[in-house]
Amino acid sequence: MMSICDYIELVLTKKRMTRRDFCREINKIEDKLGEKKTNYQNITNYLSKNDDTHNIGYKMALKMEKALNLPNDTLLNMVKLPLTGEAERDFNKLKEKVRKLW
């Protein structure tokens with residue numbers, strides 16, 4: 001089974017996007033959500049898998065999915081989803097906001 005990082009790298013190559021392009025697309029989403037922007041180094045850390053502190057969680061997977069213009073739940077099915085009811089409710093609200101963008 002392919003890892004989420006390998007899958008994202010494959011999609012980036014197929015779409016001829018650089019990591020900087022990818023970071024800009026994620027930042028557009030975060031800007032519309034009123035969230036703190038992700039920097040290029042974080043994207044590199046997420047995708048390089050050299051660092052255990054930069055695992056792709058469900059919120060980032062959702063933003064990455066939207067930034068890559070992938071079908072809903074493509075990346076979400078590759079990560080662990082929220083475990084508590086409150087976290088799940090918060091995530092569902094975020095998912096609704098992100099999917100309404102453009």
Side-chain angles (χ1 to χ4, degrees):
M1 185 172 162
M2 184 179 284
S3 77
I4 188 170
C5 297
D6 293 337
Y7 185 80
I8 291 169
E9 288 287 4
L10 181 69
V11 172
L12 288 173
T13 301
K14 198 170 187 175
K15 291 182 178 260
R16 296 188 174 137
M17 286 177 74
T18 65
R19 287 183 178 183
R20 289 204 186 278
D21 296 333
F22 186 40
C23 186
R24 276 191 285 275
E25 291 302 314
I26 291 171
N27 285 332
K28 287 178 189 176
I29 292 165
E30 290 173 334
D31 190 41
K32 289 183 181 196
L33 295 172
E35 294 181 357
K36 182 181 167 198
K37 293 185 177 182
T38 301
N39 63 40
Y40 172 76
Q41 185 60 51
N42 282 343
I43 296 301
T44 298
N45 291 339
Y46 281 127
L47 298 180
S48 68
K49 300 179 282 187
N50 295 334
D51 183 349
D52 285 341
T53 61
H54 285 89
N55 293 321
I56 299 173
Y58 54 89
K59 289 180 181 180
M60 183 52 74
L62 176 67
K63 294 172 194 174
M64 289 177 165
E65 186 177 279
K66 187 69 172 181
L68 292 170
N69 199 26
L70 296 173
N72 290 345
D73 299 331
T74 301
L75 297 180
L76 289 178
N77 288 332
M78 300 174 106
V79 296
K80 293 180 182 174
L81 293 176
L83 298 176
T84 66
E86 184 177 340
E88 187 174 355
R89 281 190 298 279
D90 289 345
F91 176 64
N92 286 335
K93 287 179 187 175
L94 176 65
K95 186 169 28 171
E96 189 175 311
K97 285 181 187 177
V98 169
R99 290 192 174 156
K100 284 183 180 179
L101 296 176
W102 353 191

Could you go through F91 and L76, starting from their C-alpha distance and side-chain angles, then the distance that decides it, and tell me whether this counts as side-chain contact (heavy atoms from CB on, under 4.5 Å)? CA-CA 11 Å; F91 176 64; L76 289 178; 3.7 Å; yes
Identify, with sequence neighbours excluded, every residue that meets salt bridge (Lys or Arg N to Asp or Glu O under 4.0 Å) alongside E9. R19
Do M60 and Y40 share a hydrophobic cluster (ILVMFWY, side-chain heavy atoms under 4.5 Å, transitive)? no
Rounding to 0.5 Å, atoms CG (N69) and CE (M17) come to a distance of 9.5 Å
Is it true that K66 and E30 make a salt bridge, defined as a side-chain N closer than 4.0 Å to a carboxylate O? no
Can you confirm whether more than 12 heavy atoms, excluding those of K95, are under 6.0 Å from its NZ atom? yes
Let me confirm one number: the CG-CD distance from N72 to E65, rounded to the nearest 0.5 Å. 6.0 Å
Given Q41, which partner from the list T44, N45, N39 fulfils the side-chain hydrogen bond (donor to acceptor under 3.5 Å, both in side chains) test? N45
Interatomic distance, K63 atom NZ to L101 atom CG [nearest 0.5 angstrom]: 11.0 Å
Regarding D21 and R24, does a basic nitrogen lie under 4.0 Å from an acidic carboxylate oxygen? yes
State, yes or no, whether a side-chain contact exists between T38 and N27 at a heavy-atom distance under 4.5 Å. yes
Looking only at the side chains, is there a donor atom on one of E96 and N92 sitting less than 3.5 Å from an acceptor on the other? no
Locate the shortest heavy-atom distance separating L75 from A61; write the atom from each residue and the value. CD1-O, 3.7 Å
I would like to know whether L47 and L12 meet side-chain contact (heavy atoms from CB on, under 4.5 Å); could you show each step before the answer? CA-CA 11 Å; L47 298 180; L12 288 173; 4.0 Å; yes
Could you go step by step and tell me if M64 and V79 meet the side-chain contact (heavy atoms from CB on, under 4.5 Å) rule? CA-CA 12 Å; M64 289 177 165; V79 296; over 6 Å; no
Among L33, I29, L62, exactly one meets side chain to side chain contact (heavy atoms under 4.5 Å, CB included) together with K97. Which residue is that? L33
Same cluster for I56 and L83 if Ile/Leu/Val/Met/Phe/Trp/Tyr side chains link at under 4.5 Å? no
Between Y46 and C5 the two heavy atoms that sit nearest each other are O-SG, 3.2 Å
Close side-chain approach of K37 to D31, heavy-atom, < 4.5 Å: yes
Would you name the heavy atoms of A67 and E25 that are closest together and state the gap between them? CB-CB, 3.7 Å
Under a 4.5 Å cut-off applied to non-hydrogen side-chain atoms, are Y7 and L68 in contact? no
Which pair of non-hydrogen atoms, one from Y58 and one from K80, has the smallest distance, and what is that distance? CD2-O, 3.5 Å
